[in-house]
J.: 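Starting off with a structure, shown below.
Residue numbers start from 1 in every chain, and the chains themselves are labelled A, B, ... in the order their sequence lines are given, proteins ahead of strands. Fair warning: this is a prediction, and the values are worked out from it, not measured in the lab.
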Amino acid sequence: MLDPNLIREKPDFVKEQIQKKNADPSLIDRFLEVDVKRKELVKETDMLRHERKTLSQEIGKLLAQKKDVSELKARVKEIASKIKENEKMLSRFEEEYRDILLRIPNIPDPSVHYGKDESENIVVKRWGDVRDFDFEPKPHWEIAENLDIIDFKRGAKISGARFYVLKGLGAKLERALISFMIDLHVAKHGYREIFPPFLINRASMIGTGQLPKFEEDMYHTDKDDLFLDPTAEVPVTNLHRDEILSEDDLPIKYVAYTACFRREAGAAGRDTRGIIRVHQFNKVEMVRFVKPEESMKHLEELLDNAEDVLRILNLPYQLKKMCTGDLGFTAAIKFDPEVYMPSQDKYVEISSCSNFKDFQARRANIRYRAKDGSLHYVHTLNGSGLAVGRTMAAILENYQEKDGSVVIPEPLREYMGGLERITKENA
RNA sequence: GGAGAGAUGGCUGAGCGGUUGAAAGCGCCUGACUCGAAAUCAGGUAGAGGGUUUGCGCCCUCUCGUGGGUUCAAAUCCCACUCUCUCCGCCA
């Protein structure tokens with residue numbers, strides 16, 4: 001959430017900023033209204049409580065002197081009932097105050113360009129040589145089905161549309177990719193590996209900004225009120241919810257593999273074929289907790305860590321900078337690495353790297369104590385490094401051969417028992 | 001699932017109806033000593049909300065797992081819930 005003081009002091013600025021994200025500026029007016037009412041009531045109630053406290057102490061003293069206190073008691077009782085009334089009203093205001101605050105999106109970083117939606121994102125970088133095929137490159141789902149390493153039909157049978165089954169070397173390649181990515185980020189980029197729970201409580205979902213606004217996008221278990229992990233960002237960022245870290249601990253860098261579960265509620269008809277958009281996929285995610293003044297530097301590093309995976313796998317990619325309208329609810333600035341897909345001659349999102357600044361830290365109450373004793377909110381960042389399923393798709397397409405086999409990228413071979421190629425025979 | 005024990009500040013841990021927002025220790029900060037450091041000594045050190053002040057600050061309220069209740073008054077008594085630990089049961 002935003003700093004309430006920023007909204008109070010510069011409401012017009014905040015309105016303007018959230019409108020760039022296509023959010024409703026009337027949220028700010030509602031906030032200010034509730035804020036005023038709440039403050040008045042707090043003031044009044046605090047005065048009453050003060051009175052109760054003083055008189056109660058008085059009673060204690062008189063009682064010690066064995067004096068009559070029945071009159072005083074009656075007075076305090078009256079005050080107490082008034083307090084109770086106020087508290088009921090106050091808790092309603094507090095709830096609304098909090099709810100509005102939780103529904104106001106983060107404001108964009110000044111360096112982010114204005115744009116209405118994804119069509120106005122800009123490509124800021126391109127890397128790698130797109131391969132010159134001497135045959136018509138097939139889409140990944142055809143390659144995979146021909147090799148019998150992905151089974152869409154049976155995925156649908158077991159679970160439904162947008163689920164698939166990995167088989168044989170397909171399953172092994174998935175595992176290889178996960179290990180390869182984690183090892184890279186740990187050994188070369190200095191992250192600590194985390195393996196978090198996949199079922200997550202409500203408080204954590206609020207902490208990183210999935211709730212209250214996006215409940216429809218998540219799988220939920222009714223009996224226990226738990227959500228299926230939509231991204232490791234949630235459990236890993238919430239690792240330090242309600243904690244005060246020490247300045248010496250920062251920066252903290254975590255990398256985690258998790259399965260990710262998404263209902264894709266609004267995605268009917270999009271990317272229906274293949275493994276690009278599915279309900280369950282694997283992802284390796286990097287998360288950083290950093291000092292505010294260093295967070296932009298950390299975004300650059302994080303982004304480079306994600307790109308490094310693509311470079312090492314020699315997958316051509318481009319980097320897209322998101323415009324204000326496509327930042328999403330929580331990000332202040334965001335870059336998406338996109339991998340080249342030969343069958344469509346298009347670049348497809350394979351990672352997303354964001355700086356949330358103090359937006360998540362305020363929600364999740366993650367602070368650090370500076371050397372001088374003062375308290376500050378940390379800045380949080382995260383980025384996929386990378387989405388595993390999409391990496392698999394990219395490898396299948398970019399490394400496919402005319403005979404239908406797929407060459408295994410050199411750096412992955414040690415994770416595949418030295419295997420160099422997936423063929424119909426060995427798959 | 002059953003039985004029991006517990007949850008207090010950055011950490012450990014005392015308090016079990018009325019100057020207790022909380023002893024003590026650790027940690028941290030400041031000062032003295034030192035060329036410097038360590039050790040020692042002295043002092044300081046919870047968070048949130050609100051008011052006031054140009055500012056340093058000062059004042060008020062709330063918070064001892066969470067939510068309710070009893071009482072003039074609750075960290076302290078009662079109830080519910082959550083979590084942790086121990087034992088039993090079940091189980092990959």
Side-chain angles (χ1 to χ4, degrees), chain A residues 1-9 31-102 195-207 211 220-227 235 238-250 252 259 289 291 358 361-378:
Chain A
M1 62 195 177
L2 297 179
D3 181 354
N5 281 324
L6 178 71
I7 307 176
R8 287 179 195 123
E9 283 158 23
F31 171 82
L32 294 172
E33 250 171 65
V34 175
D35 189 43
V36 169
K37 286 197 231 163
R38 179 185 142 271
K39 267 190 198 174
E40 278 169 8
L41 201 53
V42 164
K43 207 166 148 182
E44 189 189 318
T45 310
D46 276 0
M47 271 158 57
L48 287 170
R49 285 202 271 233
H50 177 60
E51 213 177 328
R52 176 181 66 183
K53 196 174 184 176
T54 338
L55 292 179
S56 285
Q57 279 168 357
E58 189 67 21
I59 289 172
K61 277 178 205 152
L62 291 174
L63 234 37
Q65 297 164 30
K66 298 215 157 59
K67 288 186 177 155
D68 176 53
V69 292
S70 50
E71 202 175 304
L72 254 184
K73 267 192 186 182
R75 234 174 95 198
V76 178
K77 195 161 192 172
E78 215 170 290
I79 294 169
S81 82
K82 174 74 181 146
I83 290 174
K84 195 159 260 179
E85 232 171 84
N86 276 17
E87 281 175 343
K88 263 186 197 148
M89 240 190 302
L90 191 57
S91 74
R92 279 205 296 273
F93 284 133
E94 298 274 11
E95 202 178 309
E96 198 181 345
Y97 171 88
R98 194 177 146 72
D99 186 65
I100 296 171
L101 215 45
L102 287 175
F195 198 116
F198 291 3
L199 287 168
I200 294 164
N201 63 25
R202 203 166 268 279
S204 299
M205 297 296 273
I206 290 170
L211 294 183
H220 178 250
T221 65
D222 285 343
K223 260 188 189 157
D224 300 296
D225 195 24
L226 293 170
F227 295 84
N238 277 283
L239 232 37
H240 295 300
R241 175 158 50 84
D242 293 322
E243 288 187 18
I244 297 174
L245 304 164
S246 157
E247 181 173 350
D248 296 331
D249 297 336
L250 302 177
I252 294 173
F289 302 80
K291 288 192 263 183
D358 63 358
R362 282 179 187 279
R363 291 180 157 245
N365 192 28
I366 308 170
R367 294 172 292 175
Y368 74 97
R369 195 175 294 283
K371 291 246 165 54
D372 65 2
S374 60
L375 279 177
H376 310 273
Y377 287 103
V378 300

J.: Does B/rG55 pair with anything, Watson-Crick or G-U wobble, both distances under 3.5 Å, and if so, with which nucleotide?
T.: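 Its partner: none found.
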J.: Under the 3.5 angstrom rule, does the side chain of A/R49 hit a backbone N or O of A/I83 as a donor-acceptor pair?
T.: no
J.: By nearest atom, which of the nucleotides B/rG50, B/rC62, B/rA73 is closest to the A/A80 side chain?
T.: B/rA73
J.: Report the distance from atom CG of A/N201 to atom C1' of B/rG65, rounded to the nearest whole Å.
T.: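 From A/N201 CG to B/rG65 C1': 14 Å.
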J.: Going by purine N1 to pyrimidine N3 plus the second Watson-Crick contact, or the G-U wobble pair, all under 3.5 Å, which nucleotide sits opposite B/rC62?
T.: B/rG47
J.: I'd like to know whether CD of A/E95 has more than 12 heavy-atom contacts from other residues, nucleotides or ligands below 6.0 angstrom.
T.: no
J.: Provide the distance between the two C1' atoms, one in B/rG13 and one in B/rA24, to the nearest whole Å.
T.: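 Nearest-Å result for B/rG13 against B/rA24 at atom C1': 8 Å.
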J.: Classify the side chain of A/D46 versus the base of B/rG51 as yes if they form a donor-acceptor pair under 3.5 Å and no if they do not.
T.: no
J.: B/rC64 and B/rU52: how far apart are their P atoms, nearest whole angstrom?
T.: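 Taking atom P in both B/rC64 and B/rU52, they lie 28 Å apart.
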J.: Considering only atom C1', compute the distance from B/rU61 to B/rU54 and round it to an integer number of Å.
T.: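 The answer is 26 Å between these two C1' atoms.
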J.: Has A/R369 got a side-chain N or O lying under 4.0 Å from the OP1 or OP2 atom of B/rG47?
T.: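 Yes.
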J.: Please figure out whether A/E51 or A/I244 has its closest RNA chain B nucleotide nearer the 5' end.
T.: A/I244
J.: Just wondering, are more than 12 heavy atoms of other shown residues or ligands nearer than 6.0 Å to CZ in A/R38?
T.: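 Counting neighbours around CZ of A/R38, more than 12 heavy atoms of other residues, nucleotides or ligands fall under 6.0 Å, so yes.
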J.: Scan every strand shown for a Watson-Crick or G-U wobble partner of B/rU19, both distances under 3.5 Å, and answer none if you come up empty.
T.: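 Base-paired to nothing in any strand shown.
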J.: Starting at atom CG of A/L63, determine the distance to atom P of B/rG18, rounded to an integer number of angstrom.
T.: 12 Å
J.: Would you please confirm or rule out a distance under 4.0 Å between OP1 or OP2 of B/rU61 and any side-chain N or O of A/H50?
T.: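 Result: yes.
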J.: Whole-Å distance between B/rA48 C1' and A/N365 CG?
T.: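 In whole Å, B/rA48 C1' and A/N365 CG are 10 Å from each other.
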J.: Return the value, rounded to whole Å, for the distance between atom CD of A/E44 and atom C1' of B/rU61.
T.: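 Whole-Å distance recorded here is 14 Å.
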J.: Once you measure the plane-to-plane angle for A/F289 and A/H240, does it fall in the parallel (<30°), tilted (30-60°) or perpendicular (>60°) bin?
T.: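 Because their plane-to-plane angle is over 60°, the rings of A/F289 and A/H240 count as perpendicular.
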J.: Let me see the working for A/D46 and A/K43 under salt bridge (charged side-chain N to carboxylate O under 4.0 Å, His left out), right down to the final yes or no.
T.: CA-CA 5 Å; A/D46 276 0; A/K43 207 166 148 182; over 6 Å; no
J.: B/rU61 P sits how many Å from A/E94 CD, rounded?
T.: 17 Å
J.: Can you tell me the distance, in whole Å, between the NE2 atom of A/H376 and the C1' atom of B/rA48?
T.: 17 Å
J.: Run the numbers on A/D35 and A/I100 for side-chain contact (heavy atoms from CB on, under 4.5 Å), then give the verdict.
T.: CA-CA 10 Å; A/D35 189 43; A/I100 296 171; over 6 Å; no
J.: Rounded off to whole Å, could you give me the CZ-to-P distance for the A/R49 and B/rC72 pair?
T.: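 Those two atoms, CZ and P, are 19 Å apart.
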J.: Remember a base hit wins even if backbone is also touched, and classify A/I59 as base, sugar-phosphate or nothing at under 4.0 Å, heavy atoms.
T.: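 Result for A/I59 = base.
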J.: Take atom P in B/rG65 and the same atom in B/rU8, then report the distance between them in whole Å.
T.: 7 Å
J.: For the pair made of CG in A/L55 and P in B/rU71, what is the distance, rounded to whole Å?
T.: 18 Å
J.: Taking the nucleotide of RNA chain B with the closest heavy atom to each, which residue, A/R8 or A/T54, is nearer the 5' end?
T.: A/R8
J.: Looking at A/R98, I want to see if its CZ is surrounded by more than 12 non-hydrogen atoms of other residues, nucleotides or ligands under 6.0 Å.
T.: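 Open.
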J.: Among B/rG51, B/rA73, B/rG69, which nucleotide has an atom closest to any side-chain atom of A/K84?
T.: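 Ranking B/rG51, B/rA73, B/rG69 by closest atom to the A/K84 side chain puts B/rG69 first.
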J.: Which nucleotide in the list B/rA73, B/rA46, B/rG51 gets nearest to the side chain of A/R52?
T.: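 The answer is B/rA73, which lies nearest to the side chain.
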J.: Between B/rG50, B/rG47, B/rC62, which nucleotide has the shortest distance from any of its atoms to the side chain of A/K53?
T.: B/rC62
J.: Both distances below 3.5 Å, Watson-Crick or wobble geometry, any strand: find the nucleotide opposite B/rA3.
T.: B/rU86
J.: Given the C1' atoms of B/rA14 and B/rG21, what is the spacing between them in whole Å?
T.: 15 Å
J.: When you get a sec, tell me which of B/rC62, B/rG51, B/rC72 is the closest nucleotide to the side chain of A/K77?
T.: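 Output: B/rC72.
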J.: Taking the C1' atom in each of B/rC16 and B/rC78, what is the distance between them to the nearest angstrom?
T.: 14 Å
J.: Strictly by Watson-Crick or wobble contacts shorter than 3.5 Å, is anything paired with B/rU40, and which nucleotide is it?
T.: B/rA32
J.: Report yes or no: does A/S374 contribute a side-chain atom to a donor-acceptor pair with the main-chain N or O of A/A370 at less than 3.5 Å?
T.: no
J.: Nearest to the side chain of A/S56 - B/rG50, B/rG18, B/rU61?
T.: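 When the side chain of A/S56 is considered, B/rG18 is the closest of B/rG50, B/rG18, B/rU61.
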J.: With both distances under 3.5 angstrom, what nucleotide forms a Watson-Crick or G-U wobble pair with B/rG10?
T.: B/rC26
J.: If you look at every strand shown and take non-hydrogen atoms under 4.0 Å, does A/L375 touch a base, only sugar-phosphate, or nothing?
T.: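 It contacts sugar-phosphate atoms only.
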J.: Pick the C1' atom in B/rU76 and in B/rG18, then give their distance to the nearest Å.
T.: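 Going atom to atom, C1' in each nucleotide, I get 11 Å.
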J.: Once you apply the 3.5 Å cut-off to both distances, tell me the Watson-Crick or G-U wobble partner of B/rA92, or none.
T.: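 Paired with no nucleotide.
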J.: Would you classify A/R98 as touching base, sugar-phosphate or nothing, given that sugar-phosphate means primed atoms plus P, OP1 and OP2, and contacts are heavy atoms under 4.0 Å?
T.: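 The residue A/R98 makes no contact with any strand.
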J.: Using the C1' atoms only, state how far B/rU20 lies from B/rA3, rounded to an integer number of Å.
T.: 35 Å
J.: OP1 or OP2 of B/rA48 sitting under 4.0 Å from any side-chain N/O of A/R367?
T.: yes
